[in-house]
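These notes are about the structure you will find just below.
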Amino acid sequence: MNALNTARDAVTAVLLPAGAAFCLLGALGLLRFPDTGSRLHAAAKAQTLGLLLVLVGTAVQMPLRHAPVLLLVALFQLLTAPVTSQIIGRAAYRAQALDHRLLLRDELAERLEREGTPAYGQEREADEEDEGR
Amino acid sequence: MTVLYDSVLAVVAAAGLLTLLRLVRGPGALDRIMALDVLATMIIAGTAVGMAARGDPTPLPVLVVLALLAFIGSVTAAHLVEKREGMR
Amino acid sequence: MNGLERARRGVRHLPMIAWLWLLWILLWGSVDLEVLLGGLAVALALVAAFPLPPALPRAVPRPLRIGALLVHLLTDLVRSGATAAWQALRHGPRTSAAIVEVELRVDSDLLITAVAELTTMTPGTLVAEIDRRRRLLYVHTLPVHDERDIHHRKSEVQMVERRVARAIGHGESFEGFDGIDGPSSRRKGG
């Protein structure tokens, strides 16, 4: 029983600091990156990884009936973080919040220029119909 | 172990402060939404560490609700921003 | 006939009911009789009130491949967290990015969603725009220095796509295929 506790503590002692470190790195990325698009990388990846490590490190310490809930939160985070970042990324592109000087190449803009129509023209019309304007 | 938990909490708190800085600085609405989302995950992380430190599972439902709310809130807000820009 | 059809429709909802039930039990953290019965009632009510179309029409489950996909997902997450953090520390404000167009071969909502999710989890790539109709992903990629990097990123995303199609696509194992998704992950060329 004691050996089990030591093992638990060891796992926690590795995972929690690692998770906290990634949280800090994510926050640093959020501050240091120059535009919305690159900041999203820090938010979506470093941050998610940090939270996941912390949650697993905590779940190890919890009694068996509570641990699954923490893992559930971790799973939820894993599923939703890409969705959030995709939606913010899309909004950032459409709102022109990306710094185009940082982009080596923008194939979406190339295509829009080629075709002369917004890729999301239909969707936008649908949105406007929703609002009844 | 107590030292470990305390230092981990301190690091997460520092990360939270940095995120707060981004939240204040902006510059765009999307940056603030992103910062808020990150802040929510940091609050989740901090609460989890606190739970592990005390061995007290009481805040568990808070974590679940916070995770759900952060997701729905960020997605809704980002969607609204996109719509507003589309109106122009 | 009618009864049979109805029974079949009920069976299709079983996984969802089981998942909701499990979720309820996990959230309550106990297996008391009230929790079990209440959970079952809530799950049944939810499925009856908000029926969803099955995401994978009679798919052949491939647990090994799905397991491999999950392992890839976790290692990718660790690698991408590390890359993003390193980029932030090393280059910070002077990072260079690109938006890359990636053509997909899979053609089902579920598969494209899965590819987009996993792409966000692979190092240095983040899906910004999805053109569902033409099966195009527009991927914001972070450390990009020249054309070679761009090509490299494209092939990385397509590798993710291949893994997803192998794990949960139903083009390869065609039996029982419903036709709802169209001839989805069939290989076209290389």
Side-chain angles (χ1 to χ4, degrees), chain A residues 21-22 24-35 37-50 52-53 63-69 71-72 78-83 85-86 88-94 98-99 101-111 119-120 122, chain C residues 22-23 25-31 73-74 76-89 91-102 113 116-131 133-134 136 138-147 149-150 154:
Chain A
F22 272 107
L24 189 64
L25 287 170
L28 271 178
L30 214 55
L31 268 186
R32 271 177 67 85
F33 275 134
D35 77 331
S38 41
R39 271 175 223 145
L40 262 178
H41 282 267
K45 292 156 190 209
Q47 189 55 39
T48 308
L49 180 60
L52 238 60
L53 290 174
L64 203 59
R65 58 184 283 232
H66 295 302
V69 181
L71 297 182
L72 220 56
L78 201 59
L79 286 178
T80 58
V83 179
S85 65
Q86 192 259 321
I88 294 182
R90 192 180 67 171
Y93 192 87
R94 293 182 184 180
L98 299 186
D99 190 343
R101 282 164 307 171
L102 292 172
L103 293 179
L104 190 71
R105 191 147 164 211
D106 184 351
E107 295 190 340
L108 182 51
E110 281 169 24
R111 177 183 148 195
Y120 42 92
Q122 293 177 332
Chain C
L22 181 70
L23 207 61
I25 294 169
L26 286 182
L27 286 178
W28 279 100
S30 77
V31 281
L73 168 68
L74 288 181
D76 271 357
L77 183 63
V78 173
R79 285 199 308 145
S80 66
T83 346
W86 172 245
Q87 274 294 312
L89 286 184
H91 297 295
R94 291 179 319 286
T95 184
S96 78
I99 291 180
V100 179
E101 179 184 273
V102 183
T113 312
E117 285 238 345
L118 290 172
T119 300
T120 300
M121 287 307 172
T122 44
T125 52
L126 198 140
V127 177
E129 184 87 53
I130 305 171
D131 187 337
R133 210 153 32 90
R134 300 193 212 182
L136 295 174
Y138 289 91
V139 181
H140 187 276
T141 68
L142 197 44
V144 174
H145 302 293
D146 48 29
E147 293 288 318
D149 284 352
I150 291 180
K154 274 191 198 185

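In what follows, every chain begins at residue 1, and chains take the letters A, B, ... in the order their sequences are listed.
- Here the side chain of A:K45 pairs a donor or acceptor atom with the backbone of C:T122 at under 3.5 angstrom.
- Each of A:L78, A:I88, A:L71 has some count of heavy-atom pairs under 4.5 Å with chain C, and the biggest count is that of A:L78.
- Both the backbone and the side chain of A:H41 come within contact range of chain C, judged by heavy atoms closer than 4.5 Å.
- A:L49 and C:G81 make their closest contact through CD2-CA, 4.0 Å (heavy atoms, listed as atom of the first residue, atom of the second, distance).
- Proximity to chain C is absent for every atom of A:L53, based on heavy atoms less than 4.5 angstrom apart.
- Pairing each heavy atom of C:L26 with each of A:L72, the nearest pair is CD1-CD1, 4.0 Å.
- Applying the side chain to side chain contact (heavy atoms under 4.5 Å, CB included) rule to C:L118 yields the partners C:L69, C:L73, C:V160, C:V164; only residues at least two apart in sequence or on another chain are considered.
- Smallest separation of non-hydrogen atoms from C:E117 and A:V83: OE2-CG2, 3.1 Å.
- Residues A:Q86 and C:I130 are in side-chain contact: their nearest non-hydrogen atoms beyond the backbone lie under 4.5 Å apart.
- A pairwise comparison of heavy atoms in C:T120 and A:S85 identifies CG2-OG, 3.5 Å as the closest pair.
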